[in-house]
**Q** 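Take this structure first; my questions come after.
Every chain is numbered from 1, with letters handed out A, B, ... down the list of sequences. Only a predicted model underlies this, so the values are computations on that prediction, with no experimental measurement involved.
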2 protein chains.
Amino acid sequence: MIEILKQHITNRLGKLPDNVDLVVPHFEEVIAKRGDFLLQPGEVCKYVYFIVEGCLQVFVTDKNGNESTREFYIEDQWATDIFGFQNQLPATEFIRCAEPSKLLRIHFESFQQLTNAIPQFSAIYKQILEVSYNNTVYRVNTLTSMDALDRIKWMMENKPKIMARLSSKLIASYLGISAETLTRLKSKI
Amino acid sequence: MIEILKQHITNRLGKLPDNVDLVVPHFEEVIAKRGDFLLQPGEVCKYVYFIVEGCLQVFVTDKNGNESTREFYIEDQWATDIFGFQNQLPATEFIRCAEPSKLLRIHFESFQQLTNAIPQFSAIYKQILEVSYNNTVYRVNTLTSMDALDRIKWMMENKPKIMARLSSKLIASYLGISAETLTRLKSKI
DNA sequence: TTAAACTCTTGACATTTATCAAGAGCCTGG
DNA sequence: CCAGGCTCTTGATAAATGTCAAGAGTTTAA
C-alpha cells in the first residue's frame, strides 16, 4: 500500500529517494467501508487523504436534504477540504466513501512540517491546488453553459471510470439532475 | 494608483517596505474601457491583473453563443486565468471589462521571478489561490444545491456591490438563468 | 437462504425556467 | 440634442427537468 504512495510521490518529486523516505513515514493507513464518513460539515478537517483504492465523494445537502456532489476522487488522487484544512476552519462539505476504500492519510501537523521542510513537497501541494482549482473552474463552466444531456456526454468522455463504477443516483447528484432524468436522457444518446 | 497596490501588498506582506519596493516596479498601469477584452479563449494569458477601479468579468460562451459568467472581480482583487497563466497554456475563458477599469498588470516573467525571489510574494500567491479555489467550490455548491430564487438571495447577501453595479443581463449570466427569469423572481422577494 | 432494502426504469403529471415578442424608458455618442 | 441602441419589464407559450408512484431486478446482511 505504501509502495503505491512512494511511486506516486517519486513520479512527482523526481528521483529524490531521501525526500521520499522523509515523507512516507508520516502517512497512516486507513481502511474504510462504503458509507463511512471522513468529514462532516462543522468539523475541522485534520487530514489529507491519498486514495490507494476506492472512491471518495465530496458533497453538500440542500434544504430538502438532497445531496449534491461536488467531486469524486479515485485511486492515485488526493482529497481533503483544502481551505478548511489549511486554515483549520470548520468544513462546509461532507466527505464519504462511495466504495470500500484503502487510504493513506497525513495529519495537519505533519503536512505543515513537510511543506516547510521540503520545497518539493510544497511544490506538489501547489500543483495539486492549481489542478484542483482548474477542475473546479471547469466544473462551474459546464454546469452553467451546458444542458443536462451535454453534461452527461461530457462526463462519459471525461470521467468514464466514475461513470462506470458508481450508481445512477450518485452520478445524477454530480451532474445536478435527478436520477430519473439521467435514466431518460441516457437512452437518447 | 500605485499607492493602492502598495497598500494592498503591505497589508498582506506585513510591514516589509523593502519587499514592497522590489515588487511594485514590475507593475504596469492599464486603462481599459467597458467591453475591452483582456483575454480570449486560445490565447495564452501573459498577465495577472490587479484591479484598482472597475470590474472584470470572466466568462465562457455556450454552443448557442450565450455567455455564462464564472466570476466578477472588483477593486482590490486579482484576476487572471490562473491555470493557463502558470502553465502558459491557451485559455478557455474570456476576460472582459464589465466597467471602465483602472488596472495594474504584472507580466509572467516578472511574476515567476518574484515568486522565486520573495517568499512572502509566493505566500500571497498561495493565499490567493486558496481563496479562489474556495470561492469556486462554493460556487459549484450553490449552483447545484440551490434553485434560482435562493441563488439570487445568496448573491444579494454575498455580492451586494456587484448586484448593485452591473446590468441584469450580466447578473443573470452569473446566476445561470435568463435575464427575464431574474426580473420575475426578484419581484417575489 | 431469504427477507428487506436498494436500484433502475417507465409513466403521468407538476413545476421551473427558457424563448420569443413587444413596449416603455434611458443612456450615449456623433 | 436627438436617433439608435440598450435595458427592463411583462405576457404568452414552449421546453426542460423534477416529483411521485409502481414494478421488476439485484444486492445485502442476518
**Q** Once you round it to whole Å, what is the distance between P of D:dT19 and CG of A:Asp62?
**A** 9 Å

**Q** Choosing from C:dT17, C:dA21, D:dT19, which nucleotide comes nearest the side chain of A:Arg184?
**A** D:dT19

**Q** Has B:Thr183 got a side-chain N or O lying under 4.0 Å from the OP1 or OP2 atom of D:dT9?
**A** yes

**Q** To the nearest Å, give me how far apart NZ (A:Lys188) and C1' (D:dT17) are.
**A** 10 Å

**Q** Would you mind reading off the distance between A:Lys33 atom NZ and D:dT28 atom C1', rounded to a whole angstrom?
**A** 14 Å

**Q** Among D:dT7, C:dT17, D:dC8, which is the nearest nucleotide to the side chain of B:Arg34?
**A** D:dT7

**Q** B:Ile171 has an atom CD1; how far is it from atom P of D:dC6, in whole Å?
**A** 19 Å

**Q** Can you check the A:Asn66 CG to D:dG18 C1' distance for me, whole Å?
**A** 10 Å

**Q** Taking the six-membered ring for Trp and the full ring for Phe, Tyr or His, determine whether the centres of A:Tyr174 and A:Phe72 are under 6.0 Å apart.
**A** yes

**Q** When you check the gap from the basic side-chain N to the acidic O, do B:Asp81 and B:Lys46 get nearer than 4.0 Å?
**A** no

**Q** Between C1' on C:dT9 and CG on A:Leu185, what's the gap in Å once rounded to a whole number?
**A** 13 Å

**Q** Any side-chain N or O of B:Thr181 below 4.0 angstrom from OP1/OP2 of C:dT17?
**A** no

**Q** From C:dT19, D:dT7, C:dT17, pick the nucleotide closest to the side chain of B:Asp147?
**A** C:dT17

**Q** Using a cut-off of 4.0 Å on non-hydrogen atoms, how would the nucleic acid contact of B:Ser167 be classed: base, sugar-phosphate, or nothing?
**A** sugar-phosphate

**Q** Can you tell me how far P of D:dA16 sits from CD1 of A:Ile177, to the nearest Å?
**A** 14 Å

**Q** Rounding to a whole Å, what distance do you find between B:Lys169:NZ and D:dC6:P?
**A** 8 Å

**Q** Look at atom OH of A:Tyr138 and say whether more than 12 heavy atoms of other residues, nucleotides or ligands are closer to it than 6.0 Å.
**A** no

**Q** Answer whether the closest heavy-atom distance between the side chains of B:Ile82 and B:Tyr125 falls below 4.5 Å.
**A** yes

**Q** Reckon B:Ala148 touches a base, only the sugar-phosphate, or nothing at all at heavy-atom distances under 4.0 Å?
**A** sugar-phosphate

**Q** Check every atom of D:dC20, D:dG18, C:dT19 against the side chain of A:Glu180 and return the nucleotide holding the closest atom.
**A** D:dC20

**Q** Look at A:Ser168 and C:dT7 and indicate whether a side-chain polar atom (N or O) is within less than 4.0 Å of OP1 or OP2.
**A** no

**Q** Hey, is B:Asp147 close enough to B:Lys153 for a salt bridge, meaning N to O under 4.0 Å?
**A** no

